[in-house]
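This report concerns only the one structure given below.
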Amino acid sequence: MLAATYDYNPTVSVSGLLSALFGWESCENARFPGFSGGFCPTSTDSVCIKDSVRIDPACGSGSLLLKAEKILGKDAVRNGFYGQEINITTYNLCRINMFLHDVGFDKFSIACEDTLTAPQHWDDEPFELIVSNPPYSIKWEGDSNPLLINDPRFAPAGVLAPKSKADMAFIMHSLSWLAPNGTAAIVCFPGIMYRGGAEQKIRKYLIDNNFVDCVIQLPSNLFFGTSIATCIMVLKKGKADNKVLFIDASNECVKVTNNNKLTADNIDRIVAAFTARVDEAHFTHLASYNEVVENEYNLSVSTYVEAEDTREKIDIVKLNAEIEQIVAREQVLRDEIAKIISEIEG
């Protein structure tokens with residue numbers, strides 16, 4: 001995890017960090033193709049602000065943190081950055097990255113540990129703003145470790161994420177460290193939005209306790225080396241209503257060589273929709289609690305936002321009239337052919 005101190009402005013911070021997340025994920029993998037130690041989808045990057053403290057539970061190279069710092073403004077940093085990364089190579093790269101971006105040695109604290117089983121910086125949480133990109137569907141100890149069900153991060157849901165898919169464990173970790181007035185934006189593998197079993201029970205916990213603020217469906221093929229269409233789950237502990245906003249941003253991109261890319265206009269439209277929090281045909285839907293419950297806690301955007309039908313519209317009446325004309329013309333031709341054959345045979 002990486003952390004820094006900021007003067008907290010909820011409106012600027014949430015919009016700024018969403019912009020940082022979109023901008024980071026659309027370009028970072030293109031810069032370092034083939035590197036598997038700290039860039040999506042094998043890394044987790046989160047940014048948090050807590051009375052000035054920002055944290056990243058699995059910081060990778062620290063690039064998302066530094067991207068967010070660029071958008072929020074370096075002058076706002078007061079106390080420094082805190083981070084945690086399981087891969088020792090990427091952990092060292094993150095530390096180097098801090099130096100390369102003029103972050104002094106006394107302004108950051110990076111730990112090399114497993115976020116889910118050995119979280120660091122307990123004394124620094126909770127945090128007001130978190131942006132996270134966890135590794136997708138990795139294996140973890142889960143219920144094979146009897147201590148984890150009593151871990152204060154996971155216990156509230158009453159169930160652990162599956163051992164073969166730790167996605168929900170990262171979400172519960174981020175939620176646990178979120179301040180009462182905080183916001184978390186987490187890049188997710190789409191399967192966790194609709195799969196059953198333990199993941200459905202965790203979604204039920206999140207919805208019943210009004211923690212899910214928004215789900216954003218991203219375009220496919222944004223990341224180097226994978227065509228997965230990921231999504232973003234936005235969590236809040238102090239929501240003003242009990243509704244969930246769903247945004248279908250699957251078409252908000254431009255084609256660049258073999259990948260899609262989010263442009264500044266695409267990012268602005270998504271952030272504007274997140275801020276406005278109103279229905280827009282084929283783009284956003286503000287679902288009530290009861291609507292989500294009726295859909296059995298399915299949080300897939302496609303369940304709530306109807307895709308625009310771009311197929312050509314057919315005028316059935318006109319088409320039928322044309323067919324009748326073709327049939328009539330065909331009969332005339334048949335009659336003419338029959339007449340010619342009759343004359344030849346006669």
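Throughout, numbering of the chain's residues begins at 1 and tracks the sequence. Keep in mind the model is a prediction, meaning the values are calculated, not measured.
Side-chain atoms of Q217 come within 3.5 Å of backbone atoms of A229 as a donor-acceptor pair (strictly under, hydrogens ignored). Side-chain atoms of S176 never come within 3.5 Å of backbone atoms of M172 as a donor-acceptor pair (strictly under, hydrogens ignored). Side chain of R95 to backbone of F105: no donor-acceptor contact under 3.5 angstrom is found. Proximity of a side-chain donor or acceptor of N259 to a complementary backbone N or O of N221 within less than 3.5 Å is detected. One N or O on the side chain of N298 and one on the backbone of S300 form a donor-acceptor pair closer than 3.5 Å.
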Show, in sequence, the C-alpha distance, side-chain angles and deciding distance for R195 and Q200, and conclude whether the side chain to side chain contact (heavy atoms under 4.5 Å, CB included) test is met. CA-CA 6 Å; R195 290 190 298 233; Q200 183 184 38; over 6 Å; no

Take D241 and K236 through the salt bridge (Lys or Arg N to Asp or Glu O under 4.0 Å) test and state the conclusion after the steps. CA-CA 11 Å; D241 58 32; K236 287 185 178 181; over 6 Å; no

Exercise for the section: Using the side chain to side chain donor-acceptor pair (under 3.5 Å) rule, take E294 and N290 through it: C-alpha gap first, then chi angles, then the decisive distance, then the call. Expected result: CA-CA 6 Å; E294 289 172 3; N290 290 333; over 6 Å; no

Mind running side chain to side chain donor-acceptor pair (under 3.5 Å) on Y304 and D248 for me, showing each step along the way?
CA-CA 9 Å; Y304 303 91; D248 184 0; over 6 Å; no

- Quick one: do C112 and I86 satisfy side chain to side chain contact (heavy atoms under 4.5 Å, CB included)? Show the steps, please. CA-CA 5 Å; C112 186; I86 191 172; over 6 Å; no

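Electrostatic pairing of D151 and R153 counts as a salt bridge here, judged by a charged N lying under 4.0 Å from a carboxylate O. Checked for salt-bridge contact, R334 and E330 meet the test: a charged N lies under 4.0 Å from a carboxylate O. Using a 4.0 Å cut-off between charged nitrogen and carboxylate oxygen, R269 and E280 count as a salt-bridge pair.
Using a 4.5 Å cut-off between side-chain heavy atoms of Ile, Leu, Val, Met, Phe, Trp and Tyr, with links allowed through other members, I88 and M98 fall into the same hydrophobic cluster. One hydrophobic cluster holds both V244 and V293 under the rule that ILVMFWY side chains link at heavy-atom gaps under 4.5 Å. Transitive grouping of hydrophobic side chains (ILVMFWY, heavy atoms separated by less than 4.5 Å) keeps Y194 and I202 in distinct clusters. Residue V256 is not grouped with residue I270 when hydrophobic side chains (ILVMFWY) are merged at heavy-atom distances under 4.5 angstrom, including chains of intermediate members. With hydrophobic clusters built from ILVMFWY side chains whose heavy atoms lie under 4.5 angstrom apart, M193 shares a cluster with Y289.
The two residues Y297 and R203 have their closest heavy-atom pair at O-NE, 2.8 Å. A pairwise comparison of heavy atoms in I171 and C188 identifies CD1-SG, 3.9 Å as the closest pair. In terms of heavy atoms, P190 sits closest to C231 at CA-SG, 4.0 Å. Closest approach of L235 and L178 over heavy atoms only: O-CD2, 3.8 Å. In terms of heavy-atom proximity, F283 sits nearest to A249 at CE1-CA, 4.3 Å.
I314 forms part of a hydrophobic cluster together with I316, L319, I323, V327, judged by ILVMFWY side-chain heavy-atom separations under 4.5 Å.
The number of heavy atoms from other shown groups lying within 6.0 Å of CG (D279) is above 12. Within 6.0 Å of atom NZ in K318, 12 or fewer heavy atoms from other residues, nucleotides or ligands are found, so the atom counts as exposed in its surroundings. The 12-atom threshold is not exceeded at CG of N258, counting heavy atoms of other residues, nucleotides or ligands nearer than 6.0 Å. Within 6.0 Å of the CD atom in E322, the count of heavy atoms belonging to other residues, nucleotides or ligands exceeds 12.
In this structure, CG on N133 lies 9.0 Å from CD1 on I232, to the nearest 0.5 angstrom. Rounding to the nearest 0.5 Å places NE2 of H173 at 7.5 Å from CG of L116. For the atom pair CD of E113 and OG1 of T115, the computed distance is 9.0 Å after rounding to the nearest 0.5 Å. To the nearest 0.5 Å, atoms CD (E291) and OG1 (T303) are separated by 10.0 Å. With rounding to the nearest 0.5 angstrom, the SG atom of C253 is 13.0 Å from the CG atom of D265. To the nearest 0.5 angstrom, I267 atom CD1 is 10.5 Å from E252 atom CD.
Considering only heavy atoms from C-beta on, L262 comes within 4.5 Å of L222 through its side chain. In this structure, D167 and Y136 have side chains that are in contact, with non-hydrogen atoms separated by less than 4.5 Å. Within the 4.5 Å cutoff, the side chain of T275 has heavy atoms near those of the V271 side chain. Looking only at side-chain heavy atoms (C-beta outward), L299 and V292 come within less than 4.5 Å of each other. Here the side chains of E199 and K165 are in contact, with some heavy-atom distance below 4.5 Å. Inter-residue side-chain proximity for S220 and N260 is flagged as met; some heavy-atom pair is nearer than 4.5 Å. Counting heavy atoms from C-beta outward, T230 and F189 have side chains that stay 4.5 Å or more apart.
Between F99 and F108, the ring-plane angle classifies as perpendicular under the 30° and 60° cut-offs. Using bins of under 30°, 30° to 60° and over 60° for the plane-to-plane angle, the ring pair W140/F154 lands in the perpendicular bin.
Checking K239, K243, K237 one by one against N210, the side-chain hydrogen bond (donor to acceptor under 3.5 Å, both in side chains) holds for a single residue, K239. With I216 as the fixed residue, the side chain to side chain contact (heavy atoms under 4.5 Å, CB included) test singles out one of V187, I247, L245, V301: I247.
Evaluation of the ring-ring contact (aromatic ring centres under 6.0 Å, His included) rule for F211 yields Y205 as partners, not counting sequence neighbours.
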